[in-house]
Structures are given as structure tokens and as C-alpha cells.
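Comments concern the structure below.
Numbers restart at 1 for each chain; the letters A, B, ... are given by sequence-line order, proteins then strands.
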Amino acid sequence: MELFNTLGGKVENLEPVGAPELRMYCCGPTVYDYGHIGNFRTFLHVDVLRRFLRQQGMAVKFVMNVTDVDDKIIRNAAAAGKPIAEYTEKYEHAFFEDSDSLGILRPEIVAHATSCIPDMVSLIQKLAEQDIAYQTEDSSWYFRIARFPEYGKLSRKDFDGIEDGARVDVDEYEKDAARDFALWKACKPGEQSWTTELGCGRPGWHIECSAMATKFLGESLDLHCGGEDLMFPHHENEIAQSESASGQPFARHWMHVRFLLVEGRKMSKSEGNFYTLRDLLLKGYRASAIRFLLISVPYRHQMNFTFESLLESTNAIDRLRTFHQRMLKGGFPEGTDETLAAATAKAEESYTASLANDLNTAEARAAIFDLVRAANSAADAGMLRAGNVQEILRVLDLFDGVFAVLKDNDAEITRAALAWAEKEGRSSEAAPELVTKFAFSDDEIEKLVAERTSAKKARNFARADAIRNDLMTKGILIEDSKDGVRWRRK
RNA sequence: GCACCGAUGGCGAAGUGGCUAACGCGCUGGUCUGCAAAACCAGUAUUCGUGGGUUCAAUUCCCACUCGGUGCUCCA
């Protein structure tokens with residue numbers, strides 16, 4: 001497949017080199033709070049890539065780190081009066097719970113910063129031997145950027161222009177050069193620290209990824225991913241550290257997912273447009289719709305997240321699911337309609353080609369909707385045959401292997417979110433209509449639906465419609481068809 | 001300030017130097033239905049931010065401007 005490579009700024013073929021599997025690393029979350037939709041847009045697109053590569057028959061070994069010690073964690077844990085391990089455990093658990101809700105597959109390996117300290121220490125020692133790492137008076141260790149002439153090759157920055165610019169950390173006066181970055185931060189009283197050959201302290205942020213990626217994937221990776229903001233300085237620093245230590249290219253391919261806007265503005269707490277996944281679930285939006293929306297705009301484009309588009313995604317998924325059910329129900333005559341068979345083959349081809357072309361999810365999506373229309377249309381015209389259905393379901397499975405929205409476990413996820421809100425004392429944040437919608441059990445709904453069906457049989461339409469309207473106000477939709485009644489939560 | 005990215009219908013959003021500018025949602029009308037829902041059909045941008053240029057031909061390439069976003073600092 002072809003994927004844009006930030007290093008070099010071109011679309012390039014992505015394939016494993018020197019190993020049977022593609023070695024892929026993604027900078028994961030810093031677990032100091034619940035994940036927001038911006039975080040998840042990145043992880044979702046990385047998931048889409050991984051699923052597609054696998055589907056294309058490529059073996060992938062995917063490693064993601066969890067940053068479980070850093071300034072924010074130390075600050076927040078102290079404020080909460082908890083040891084950092086206990087504090088981070090909660091948010092890491094929540095992160096993976098949210099990832100599951102969004103259909104993000106778990107990495108092959110999850111690497112924790114706090115369990116890889118010795119690897120970081122030996123990496124820094126390697127740099128120290130070459131005098132690339134140096135110690136300041138306070139016993140912290142820094143990376144000497146002057147010793148890595150290629151610094152800036154990823155983000156293609158002109159450092160000559162910036163070097164003497166206004167923004168220099170005033171409190172880092174001990175460094176030899178303003179841009180030198182911390183590898184190891186000397187311990188401070190009351191802060192979590194490790195006593196190592198480098199002295200007492202804790203790792204800098206950048207060294208984590210270099211050490212862990214190398215530990216689990218070797219000195220040269222096939223692909224390194226992350227949000228666009230990480231390109232500089234984080235990834236640039238990773239390259240500098242890793243390549244200085246190993247003398248080899250750190251990662252051949254770099255993928256960066258662009259930020260999203262919320263209602264046309266940068267998402268931020270001060271703008272009041274900052275949303276975690278849980279916020280949205282409690283507002284009554286479905287996990288599947290959030291996934292679908294977040295991956296529908298190709299990863300290299302800035303996307304504008306709005307509540308209107310979230311509703312649109314919900315409706316689009318309903319269309320797909322309704323169609324899927326229609327195909328599964330079957331009952332079509334034997335044989336194959338050639339026109340539809342051709343349309344199906346074309347949809348499959350277009351779907352694959354779109355994703356293979358730098359992960360154009362918008363086009364891949366369009367290919368599937370083309371198929372839905374063609375098949376629905378053929379079915380209505382009495383042209384759909386069992387042989388077509390078989391192929392259509394296969395293509396639909398292919399699509400869903402990457403998009404993962406056909407299986408409906410939204411109610412389950414929403415219930416879990418409600419339970420969480422209850423437990424955390426945040427139930428007031430849950431939308432009232434959500435509470436009424438889920439107050440009804442499936443059994444109760446079935447009972448009312450049965451009652452309506454018998455009222456209908458007795459041609460008591462007034463009673464039947466009253467039941468239907470009542471359920472409608474509670475968010476439950478009833479559909480009659482030739483072969484029975486179907487209901488679903490809207 | 002310097003650098004980079006974007007601007008396509010009511011909304012979201014693909015795409016291309018030249019065939020009717022995808023797809024989804026919405027809306028309007030029709031078919032179906034006891035009525036709905038689902039589904040289908042038809043309609044919904046003579047036009048791709050503004051102004052100039054290159055070209056036989058530009059939404060697509062170039063320049064300027066306007067607006068939005070991003071990076072230069074922790075951030076997915």
C-alpha cells in the first residue's frame with residue numbers, strides 16, 4: 001500500500017524490510033486524564049491502517065507505549081493525594097476501555113515507561129559515552145543537539161531562524177544550548193524517582209519512545225505513527241537519540257494524523273468545546289457513530305467535528321446496518337444477476353484501491369454506499385439472487401473488517417457509560433432522554449411490540465399507533481415489514 | 001513575526017488539466033404501506049473563497065489577497 005511519509009514528504013510504498021512482519025510503533029497516551037476525541041482520532045486512524053494492512057495479508061507487529069510517569073501525572077497524582085501508580089492505573093484502564101468501545105484493536109505489545117527504566121538508562125549511557133548526552137549541575141542529563149547535524153529532518157525546520165528566537169526556556173539556563181532537551185530529570189523531593197547508574201531521577205519524555213520502540217521492535221522500525229503535534233519536537237528528538245545511539249535509521253516511514261477542530265475551532269477547555277469519549281456517550285451519541293465520523297475524513301486532512309455530523313454518521317450507520325440485515329435475512333432466488341455481480345466486484349475493487357491509496361477512507365466509504373444502493377435497488381426490482389448476496393456479504397465483511405461499525409453493541413457501551421457515571425458521581429451529566437431510553441429493558445419492549453402486533457391483527461390501529469408513538473418518544477423505533485416486525489433504539 | 005496546510009451544494013466530504021463535480025446526511029415530490037418506518041425513483045452546486053496569470057482547455061497549475069487552522073512551548 002501507499003502511505004504518505006512525513007520523512008521526505010512523499011507518498012511511498014509501505015512494506016516490511018528485513019523482517020517477515022511490519023514493525024510498527026505508535027506514541028500512546030499519557031495517562032493523566034480521560035482520553036478526548038482528538039486523542040482517539042489519531043488512534044482510530046492508526047487502527048484503520050493496521051486493520052487494512054492485516055486484511056491485505058501483511059503481518060504486523062504493533063507496539064504502543066503508555067506514558068505513566070511525567071510532569072502532569074506527578075502534579076495531578078499529588079493533587080489527588082495518590083501514588084502515581086494508582087493514579088495512572090485508573091486512567092490507563094479507562095483508556096483501553098474507551099479504545100474497546102471505539103473498536104480499536106489492542107496492540108500486540110503495550111509498553112509502560114515505568115517498566116522500561118533500565119532500557120532508557122542504558123540508551124542514555126550509550127549517548128554519554130560519545131559525549132552526546134551530558135550532565136548539568138543539578139544532575140539532569142541533556143541531549144547535545146549540536147552533535148546531531150540532521151536534527152530537524154523530519155519536520156524540515158530551519159533552526160537557524162528560530163535558534164535566537166524569543167522562546168527559550170528561562171529556567172533551563174544550565175543547558176549548553178537552548179534547544180538541548182532533557183533525557184533524564186534529576187530527582188526532586190516528593191517526586192517519584194529511580195536510583196540508577198545515571199543518578200537519582202526519572203526519564204525525560206522523549207527517551208521513553210526511543211528505548212521502548214528499540215526494545216520491542218529493534219533499532220530500525222518500518223513505521224512510526226502519532227498525532228501531528230508530536231512531529232516536533234517529540235519525534236525529532238526520538239530520531240536524534242535513537243540514531244545517535246544505533247547509527248541506523250530509526251524509522252523508515254513516519255505517519256502523522258492531523259488534528260481535529262470542534263465546531264470549527266480548536267478543541268480546548270477554555271473554548272468550552274472539549275469532549276472526552278465519555279462526555280459524548282453520556283450525551284446519548286453512539287460509540288459506533290463516533291468511530292465512523294472520526295475515521296470518515298482521511299487522516300491527513302484536518303477534520304471538523306460537529307454534533308450535526310455526528311448525527312449524520314448515526315443515520316449513515318443505520319443505513320448500512322439495515323442493509324446488512326436485509327442481506328443476512330436472505331430468501332432470494334438461486335442464481336446470480338450479472339449486472340449486480342459486476343457492481344459488487346467494482347465496489348470491492350474501489351474499496352481496496354481507495355484504502356491502498358494513502359488510506360482514503362472517504363472514498364472507501366463511498367464505494368460501499370454505491371454497493372448498498374445498487375443492491376437495494378436490485379432487491380426492490382426483484383433482480384437480487386442468492387449468488388449475489390453471498391458476494392455482497394463478503395465485500396461487506398471486508399469493509400467492516402476495517403470500519404467495524406456493523407455489529408451493534410452501542411446499547412451495551414452506553415449502559416456501561418451510564419454505570420460509570422453513576423459510580424463516579426457524574427450521573428447528572430447524563431442526558432435525561434438517555435436514561436429513559438435505557439430504562440426500558442429489551443423484554444419490556446418485546447412485550448409492547450407483541451401487544452401492538454395483536455392490536456394490528458384485530459385492526460385496532462388506534463391502539464397499535466398509540467403503542468408505536470409511545471415507544472417512539474422513548475427512542476425506540478418500530479418497523480413493519482412483510483416478514484415480521486423489527487425494533488431498534490434510535 | 002516566520003513557516004506550513006486548507007477553502008468544493010443546506011451540512012459533512014471525495015476528486016480531477018478536458019466526459020452529466022463522487023459518497024453520506026438533510027430537504028421536496030413520487031412508489032410501497034391501514035398510517036408509518038425501511039427501501040427505491042426523481043429533484044436539490046450551469047459550479048468548486050476573491051482577483052489576476054499560464055493553457056486550445058483550470059475547481060484542478062502559478063501569483064496575490066481574504067478567511068480558517070496548525071507549528072515555532074506541554075499537547076493526539
Sugar-phosphate, base or nothing in reach of [X], heavy atoms under 4.0 Å:
| X | result |
| --- | --- |
| A:D370 | sugar-phosphate |
| A:S481 | nothing |
| A:G38 | base |
| A:I368 | nothing |
| A:N304 | sugar-phosphate |
| A:N376 | sugar-phosphate |
| A:R488 | sugar-phosphate |
| A:V297 | sugar-phosphate |
| A:P298 | sugar-phosphate |

inquiry  = Exactly one of A:Y34, A:F95, A:Y275 should register a ring pair (Phe, Tyr, Trp, His ring centres under 6.0 Å) with A:F40. Which one does?
reply    =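 In the set A:Y34, A:F95, A:Y275, the residue that makes a ring pair (Phe, Tyr, Trp, His ring centres under 6.0 Å) with A:F40 is A:F95.
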
Both distances below 3.5 Å, Watson-Crick or wobble geometry, any strand: find the nucleotide opposite [N].
| N | answer |
| --- | --- |
| B:rC19 | none |
| B:rC61 | B:rG53 |
| B:rA14 | none |
| B:rC40 | B:rG30 |
| B:rC4 | B:rG69 |
| B:rA45 | none |

query = Going by 5.5 Å between centroids and 30° between planes, is there a stack of A:F461 over B:rG34?
reply =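 Stack criterion met.
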
ask   = Does the side-chain ring of A:F369 sit on the six-membered ring of the B:rG24 base, less than 5.5 Å centre to centre and under 30° in tilt?
value =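 So no, this residue does not stack on that base, at least one cut-off failing.
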
Starting from [atom2] on [N], measure out to [atom1] on [X] and report it in whole angstrom.
| X | N | atom1 | atom2 | result |
| --- | --- | --- | --- | --- |
| A:K482 | B:rA39 | NZ | P | 13 Å |
| A:R489 | B:rA37 | CZ | P | 21 Å |
| A:M303 | B:rC5 | CE | P | 21 Å |
| A:I478 | B:rG34 | CD1 | C1' | 15 Å |
| A:N65 | B:rA76 | CG | C1' | 12 Å |
| A:L294 | B:rG24 | CG | P | 21 Å |
| A:R326 | B:rA37 | CZ | P | 16 Å |
| A:R468 | B:rA37 | CZ | P | 8 Å |

task = Please answer whether the main-chain N or O of A:G28 pairs with a side-chain N or O of A:N65 as donor and acceptor at a distance below 3.5 Å.
result =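 Judged by distance alone, yes, a pair lies under 3.5 Å.
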
key: Under 3.5 Å donor-acceptor, A:R291 side chain and A:L102 backbone   =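 Yes, A:R291 side chain to A:L102 backbone: donor-acceptor pair under 3.5 Å.
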
Please report the distance separating the [atom1] of [N] from the corresponding atom of [M], rounded so that it comes out in whole Å.
| N | M | atom1 | value |
| --- | --- | --- | --- |
| B:rG71 | B:rG12 | P | 22 Å |
| B:rA58 | B:rG15 | C1' | 14 Å |
| B:rA14 | B:rU20 | P | 24 Å |
| B:rC48 | B:rA42 | C1' | 25 Å |
| B:rC65 | B:rA7 | C1' | 13 Å |
| B:rA22 | B:rG29 | P | 24 Å |
| B:rC11 | B:rU16 | C1' | 24 Å |
| B:rC63 | B:rA45 | P | 33 Å |

key: Interatomic spacing from CZ in A:R452 to CG in A:D470 - rounded to 0.5 Å   =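 Answer for the CZ-CG pair, A:R452 versus A:D470, is 12.5 Å.
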
Under 4.0 Å between a side-chain N or O of [X] and OP1 or OP2 of [N]?
| X | N | value |
| --- | --- | --- |
| A:N360 | B:rA14 | no |
| A:N315 | B:rG24 | no |
| A:R179 | B:rU73 | yes |
| A:R156 | B:rC4 | no |
| A:H301 | B:rA14 | yes |
| A:R319 | B:rC40 | yes |
| A:N39 | B:rC75 | no |

request  = Determine whether A:I392 and A:F323 make a side-chain contact, defined as any pair of heavy atoms from C-beta on separated by less than 4.5 Å.
outcome  =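 Yes - at least one pair of side-chain heavy atoms lies under 4.5 Å apart.
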
request  = Assess whether atom CD of A:Q390 is packed by more than 12 heavy atoms of other residues, nucleotides or ligands within 6.0 Å.
outcome  =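 Not more than 12 within 6.0 Å, no.
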
message = Are there over 12 heavy-atom neighbours, none belonging to A:M383, within less than 6.0 Å of that residue's CE?
response =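 Counting neighbours around CE of A:M383, 12 or fewer heavy atoms of other residues, nucleotides or ligands fall under 6.0 Å, so no.
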
message = Using the side-chain heavy atoms of A:W205, tell me which of these nucleotides is nearest: B:rA76, B:rC41, B:rC75.
response =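 Closest of the options to the side chain of A:W205: B:rC75.
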
task = Look at the side chain of A:D480 and decide which nucleotide, out of B:rG34, B:rA76, B:rC74, has an atom nearest to it.
result =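 Between B:rG34, B:rA76, B:rC74, the one nearest the side chain of A:D480 would be B:rG34.
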
ask   = Side chain of A:E312, base of B:rG24: donor and acceptor closer than 3.5 Å?
value =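 When only heavy-atom distances are counted, A:E312 does reach the base of B:rG24 through a donor-acceptor pair under 3.5 Å.
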
query = Can the positive tip of A:R365 be found less than 6.0 Å from the middle of the six-membered ring of A:F403, inside 45° of the ring normal?
reply =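 No, cation not above the ring by the 6.0 Å, 45° rule.
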
N-O pairing of A:D222 and A:R23 below 4.0 Å =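 Counted as a salt bridge, because a side-chain N and a carboxylate O are separated by less than 4.0 Å.
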
query = Which residue lies toward the 5' end of RNA chain B, A:R486 or A:D229, if each is placed at its nearest nucleotide?
reply =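 Residue closer to the 5' terminus by nearest nucleotide: A:R486.
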
message = Return whichever of A:L311 or A:D465 has its heavy-atom-nearest nucleotide of RNA chain B closer to the 5' end.
response =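 Nearest-nucleotide comparison on RNA chain B picks A:L311.
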
